[in-house]
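Residue numbers begin at 1 in each chain, while the letters A, B, ... track the order of the sequences. Keep in mind that what you see is a predicted model, and the values were worked out from it rather than measured.
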Protein chains: 2
Amino acid sequence: MTLPNISEAEMHVMDVLWREHPLAAADIAQRLDAQDWSQRTVKTLLSRLVEKGAVGTKPQGRRFLYSPAVERGTVTGRATRHLADRLFGGRAAPLVAHLAEGKGLSDDDIAELEALIAELKS
Amino acid sequence: MTLPNISEAEMHVMDVLWREHPLAAADIAQRLDAQDWSQRTVKTLLSRLVEKGAVGTKPQGRRFLYSPAVERGTVTGRATRHLADRLFGGRAAPLVAHLAEGKGLSDDDIAELEALIAELKS
DNA sequence: TCTCATTGATTACATATGTAGTCGTTAAGA
DNA sequence: TCTTAACGACTACATATGTAATCAATGAGA
């Protein structure tokens, strides 16, 4: 109902599924090589995501194929708005300012932002 | 050095202290009226923040006066970069796009962003 | 057909977090 | 001086999260 909360570890699993699905648990674990988690851990995260309604399953033989049940944009949008509200009263500028300061935005980033602003003004 | 992690509830306490300090626990609780927490809860949060090194104390009589030990910008900057990295590979534009879509940015917000972009370009 | 590796289900356990309660001490008022 | 209210310290307990291990069933290979 209320968009499920997806933890940081769980988000890595979602990222795999958003890129490619449906996938079996083993395939997901394999694609999460960088995380250096055991298969067990990945399965636990998958179970929790299914429980939360963020991931759906289809039986295939004796195992499941997993797919996202929520869209990436929905999740990232909510997280972004939540952070902006919590830290800056919903204002975007200070948020961007932090990004700019920390590691510097690339020229591409700036150009993209500019285009976005132009669009917002119309 | 390891910037302490500050939870959402703790952040409300920090916000009070960033606005005004030093303050005694009772004053902080009073200023957190909106949260509808018991004094106990506020004290627990304060203890945890002191433990984490995010808040400092000065004894005053038999009680403490609390003050922030980390700057707001440091904390918000870290949280912002963390979110941007986690969700968008550090890119600012999709983040702003979400804010724009969700509730619409005010004209002021947009103007502010524009000014910021102009500055970044120079 | 028999064995075993793999799968989902269940259980485990430490730390973080939200939200308090209890206790011993002490300053301040009666 | 005696009492009490308030303070910090310590304790409590449920849920979320990170990170697995165990268990029972079963399909695939010997």
Inset, instruction - Compare side-chain N and O positions of B:Lys52 against OP1 and OP2 of C:dT17 and report whether any pair is under 4.0 Å apart. - result: yes
Inset, instruction - Rounded off to whole Å, could you give me the CG-to-P distance for the B:Leu45 and C:dG21 pair? - result: 14 Å
Inset, instruction - Could you check how far NZ of A:Lys43 sits from P of D:dT22, rounded to whole Å? - result: 15 Å
Legend entry - Separation of D:dA6 C1' from B:Phe64 CZ (nearest whole Å): 14 Å
Inset, instruction - Mind calculating the distance between CG (A:Leu49) and C1' (D:dT17) to the nearest angstrom? - result: 12 Å
Inset, instruction - List in numerical order all residues of residues 28-35 of chain A for which some heavy atom is under 4.0 Å away from an atom belonging to DNA chain D. - result: none
Inset, instruction - Could you check whether B:Ala26 gets within reach of a base, just the sugar-phosphate, or nothing at all, counting any heavy atom under 4.0 Å? - result: sugar-phosphate
Inset, instruction - Using a strict cut-off of less than 4.0 Å between a Lys/Arg side-chain nitrogen and an Asp/Glu carboxylate oxygen, indicate whether B:Arg72 and B:Asp15 qualify as a salt bridge. - result: yes
Inset, instruction - Looking at every strand, decide which applies to A:Arg40 at a 4.0 Å heavy-atom threshold: base, sugar-phosphate, or nothing. - result: base
Inset, instruction - Identify, between B:Gln39 and A:Arg48, the residue whose nearest nucleotide on DNA chain D lies closer to the 5' end. - result: B:Gln39
Legend entry - Euclidean distance, atom CD of residue B:Gln60 to atom P of C:dT26 [Å, nearest integer]: 17 Å
Inset, instruction - Using atom CG of A:Asp27 as one end and atom P of C:dG8 as the other, report the distance to the nearest whole Å. - result: 11 Å
Inset, instruction - Report the distance from atom OH of A:Tyr66 to atom OG1 of A:Thr57, rounding to the nearest 0.5 Å. - result: 7.0 Å
Inset, instruction - Classify the ring geometry between B:His12 and B:Trp37 as parallel (under 30°), tilted (30 to 60°) or perpendicular (over 60°). - result: perpendicular
Inset, instruction - Round to the nearest Å and state the distance from B:Ile6 atom CD1 to C:dA16 atom C1'. - result: 14 Å
Inset, instruction - Output the distance between atom CG (A:Leu23) and atom CD (A:Gln30), rounded to the nearest 0.5 Å. - result: 9.5 Å
Legend entry - Minimal non-hydrogen separation, B:Ala29 against B:Gln39, with atom names: CB-OE1, 3.3 Å
Inset, instruction - Return the value, rounded to whole Å, for the distance between atom CD of A:Glu51 and atom P of D:dG18. - result: 14 Å
Inset, instruction - Determine whether B:Val50 and B:Phe64 make a side-chain contact, defined as any pair of heavy atoms from C-beta on separated by less than 4.5 Å. - result: no
Legend entry - Side chain of A:Thr41 - closest among C:dT19, D:dA20, C:dG8: D:dA20
Legend entry - Rounded distance (nearest 0.5 Å) linking atom CG of A:Asp108 with atom CG of A:Leu113: 11.0 Å
Legend entry - Presence of A:Tyr66 side-chain N/O under 4.0 Å of C:dT7 phosphate oxygens OP1/OP2: no
Inset, instruction - Classify the nucleic acid contact of B:Thr44 as base, sugar-phosphate or nothing, counting any heavy atom under 4.0 Å across all strands shown. - result: base
Inset, instruction - Classify the nucleic acid contact of B:Glu8 as base, sugar-phosphate or nothing, counting any heavy atom under 4.0 Å across all strands shown. - result: sugar-phosphate
Legend entry - Sugar-phosphate only, base, or nothing, as touched by B:Arg62 at under 4.0 Å among non-hydrogen atoms: base
Legend entry - Given D:dA20, D:dG8, C:dT7, the nucleotide with the shortest approach to the side chain of A:Trp37: D:dA20
Inset, instruction - Kindly point out which of C:dT17, D:dG8, D:dT19 is positioned nearest to the side chain of B:Ser7? - result: C:dT17
Legend entry - Any side-chain heavy-atom pair of B:Val70 and B:Met14 under 4.5 Å: yes
